[in-house]
There are 2 protein chains.
Amino acid sequence: MPRRNGGPRRPSVTDVAKEAGVSVGTVSNVLNRPDSVSPATRARVEEAIEELRFVRNASARQLRSGEITTVGAVVLDIANPFFTEMARGIEDRLAQDDHTLMLCSSDEDPEREARFLRLFEERGVRGVIATPSHGSLNGLLALRERGTDVVLLDHTSPVPDIGSVAVDDVGGASLAMNHLLDLGHTTFVFLNGPLTLRQCVDRRDGVIATLTSRGFDPAEALVEVNLDALNADAADAAVHRWLAETTERPTAMFCANDFTALGALRALRDCGVSIPGDMAVVGYDDVIFASMLTTPLTSVRQPMHTLGWTAADMLLRESEPGRSRQVEFEPELVVRASSGSAI
Amino acid sequence: MPRRNGGPRRPSVTDVAKEAGVSVGTVSNVLNRPDSVSPATRARVEEAIEELRFVRNASARQLRSGEITTVGAVVLDIANPFFTEMARGIEDRLAQDDHTLMLCSSDEDPEREARFLRLFEERGVRGVIATPSHGSLNGLLALRERGTDVVLLDHTSPVPDIGSVAVDDVGGASLAMNHLLDLGHTTFVFLNGPLTLRQCVDRRDGVIATLTSRGFDPAEALVEVNLDALNADAADAAVHRWLAETTERPTAMFCANDFTALGALRALRDCGVSIPGDMAVVGYDDVIFASMLTTPLTSVRQPMHTLGWTAADMLLRESEPGRSRQVEFEPELVVRASSGSAI
DNA sequence: GTGAAAGCGCTAACAC
DNA sequence: GTGTTAGCGCTTTCAC
């Protein structure tokens, strides 16, 4: 950084000191403890700073004083609103303490994630917030081992000295199912994603548990349709196939996320199944367009902004002792037209 | 950064040198020019690095060598897929040269933007890519003046020594209108946002110009409905109002973006106007859910990933002389069911 | 209230 | 091929 890109050297504290006719110590004092400098000298120094367009060098500053105001975050997919909402939460909390966020997207690629973590560590960030990709937990643990604070997002921590902020997916699925049960439905389809995803496993557990606790036998009352991927096209195709070979159609459907619900809605309408008349539909995530569909979608909302905010808060208070380190939030059901009224 | 967060000091090159029984110069050579070190010593040093879990200090490195591999980007809204797609494009190009992205969201707040720019400058980033918010161009120009390379995104540069990557919004609107004209429509609604936004002005210019060039009098063939904000609810309300007071309804509608198109679709269906039978609808941006609606939406797609990629490419090649510095891309029309077939 | 000087961790120039 | 050393720009004692 000693030279401007293709231009002359950037002015340093020494240049400012020379210009103002003071020592570098005094310049540093003006920068960091202005009250300890006489108004007259301070004015001269500030003038020189202005004159030379001096901008502090953060590298030198951090090297000398150890001051760290950057936090690194790695999320699974920066193009997914679920993660960007959380990022906003992180950013908002960090801004309160004049910290800033360095945001990266791992794309669920453990190698990419490792690369970013190494980068953060070299930069000496204040800490790292990460939504771990499959099997990448070890790298995070090692990072913590080496002295960098770590907070897990959307994933419960397996060890006590790493904090985590997650959402109760079992509870979220219960919310959805209880809602449909309360409306009077007795037969259900559960459109779920691959069981290699923790979220899908947890939500399935919630579905089964709720049915059982309400006196239903899942083997009787529940049809499970499984998808390879949590996207609309996969759901559309699967629902088409399923409708074609089904004789006794349930009256309610719970989808593992809103994208699959979208595909399901399309397929159902294609086949003349009216929503919510013939079939009540509930999604998960409450993404931005859930409320904007022709038939607005009932969905389980996760407190995304709060999740990010809390993770950042936890990181900044890392040094405080005796705090709860594994936080779990409860999701919330947003009822809209797609689940209709009691039948 | 000298200490781990709450722990012991991080090992430095000196520690590694001691452990391996060599000098710091040799350690540095292993790190930066491994070929210049004998295999035996290199092995010893690498062992020591492993043993001590040594991680380079990026601040010291940058301070000394001036090496810079970070690029800063400020976008208007990190929660908007349009910007995150561009960010992915930036990231992908940077990765090719082993650079990394520091991404911030200005929320269209010039003060927030200024804060981030200052931060980037203090960090001595390789350069800055920014989607300028209203009236924030001066800060960017000053930054460039002080020696930091700048590339503008989604905004044409007003000065020759700042590069820019933008999309032709006039042309995009023409694509949409020509499509509707080609289908045989002769009367149109244009659902536009506030004319304080450059995009809205440009798209309006494109609409007017296209109608005129195809022999229509905009005053006759075009109804303009203006919104305060480019979101679905504003569009829904405005379209309801408009439908209530209109007697001669046009057969085609062009919306300034997909969110407004979504609101319009909802209002139209509410009022019994069928899509595309009674009204053909075209949106703008081709956001992810445009293809997933009950009636998939015809939309004007911007090459978002390419925009980001190109901006990053421009920044990395900043030093190369004689290159085109103001790039403008052409959008592309994605035809789907909402605009139907010829009438 | 101000100045002189040490040193953060690293790289690169120069000895050997 | 390896060691020694200066110094990047800054903050921070410690004198005065």
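A note on names: the letters A, B, ... follow the listed sequences, proteins ahead of strands, and every chain is numbered from 1.
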Checklist line | Nearest-nucleotide pick for A:Phe54, side chain only, options being C:dG9, D:dC10, D:dT12 | finding: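 Nearest listed nucleotide: D:dC10.
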Got [X] and [Y] here, is their nearest side-chain heavy-atom distance under 4.5 Å?
X	Y	value
A:Val151	A:Glu318	yes
A:Ser12	A:Val24	no
A:Val165	A:Leu153	yes
A:Leu31	A:Val13	yes
B:Arg123	B:Thr70	no
B:Gln62	A:Glu122	no
A:Phe116	B:Thr100	yes

Next item on the list: Could you pull out all residues at least two apart from A:Asp154 that satisfy salt bridge (Lys or Arg N to Asp or Glu O under 4.0 Å)?
Entry: A:Arg198
Note to self: Please list all pairs meeting salt bridge (Lys or Arg N to Asp or Glu O under 4.0 Å) that have one or both residues in residues 38-50 of chain B, counting only residues at least two apart or in different chains.
What the structure shows: none
Margin query: Once salt bridge (Lys or Arg N to Asp or Glu O under 4.0 Å) is applied, what residue pairs with a partner in residues 75-89 of chain B remain, sequence neighbours excluded?
Written below: A:Asp107-B:Arg88, B:Arg88-B:Glu91, B:Arg88-B:Asp92
Check the distance between [N]'s [atom2] and [X]'s [atom1] and give it to me in whole angstrom.
X	N	atom1	atom2	answer
A:Ile68	C:dC8	CD1	P	16 Å
A:Arg44	C:dG1	CZ	P	15 Å
B:Asp15	C:dC10	CG	C1'	13 Å
A:Lys18	D:dC10	NZ	P	13 Å
A:Asn57	D:dG9	CG	C1'	6 Å
A:Leu63	C:dT11	CG	C1'	13 Å
A:Arg123	C:dG9	CZ	C1'	15 Å
B:Arg9	C:dC8	CZ	P	8 Å

Next item on the list: Give me the residues of residues 31-39 of chain B where at least one heavy atom lies under 4.0 Å from an atom of DNA chain C, by number, or none.
Entry: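 Under 4.0 Å from DNA chain C: B:Asn32, B:Arg33.
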Give me the distances for all protein-to-nucleotides 3-7 of chain C N/O pairs that come in under 3.5 Å?
residue, atom, partner, partner atom, Å
C:dG3, OP2, A:Ser23, N, 2.9
C:dG3, OP2, A:Ser23, OG, 3.2
C:dG3, OP2, A:Thr26, OG1, 2.6
C:dG7, N2, A:Arg64, NE, 3.4
C:dG7, N2, A:Arg64, NH1, 3.0
C:dG7, N3, A:Arg64, NH1, 3.2

Check: Is there a side-chain polar atom (N or O) of B:Ser12 under 4.0 Å from OP1 or OP2 of C:dG9?
Finding: no
Check: Do the side-chain N or O atoms of B:Arg56 get closer than 4.0 angstrom to the phosphate oxygens (OP1, OP2) of C:dT11?
Finding: yes
Checklist line | Axial bend angle, the helix from C:dG1-D:dC16 to C:dC16-D:dG1: five-pair end segments, nearest 10° | finding: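 End axes: 40° apart.
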Notebook entry, point to check: When rounded to the nearest 0.5 angstrom, what distance separates CD1 in A:Ile129 from CD1 in A:Ile90?
Noted result: 4.0 Å
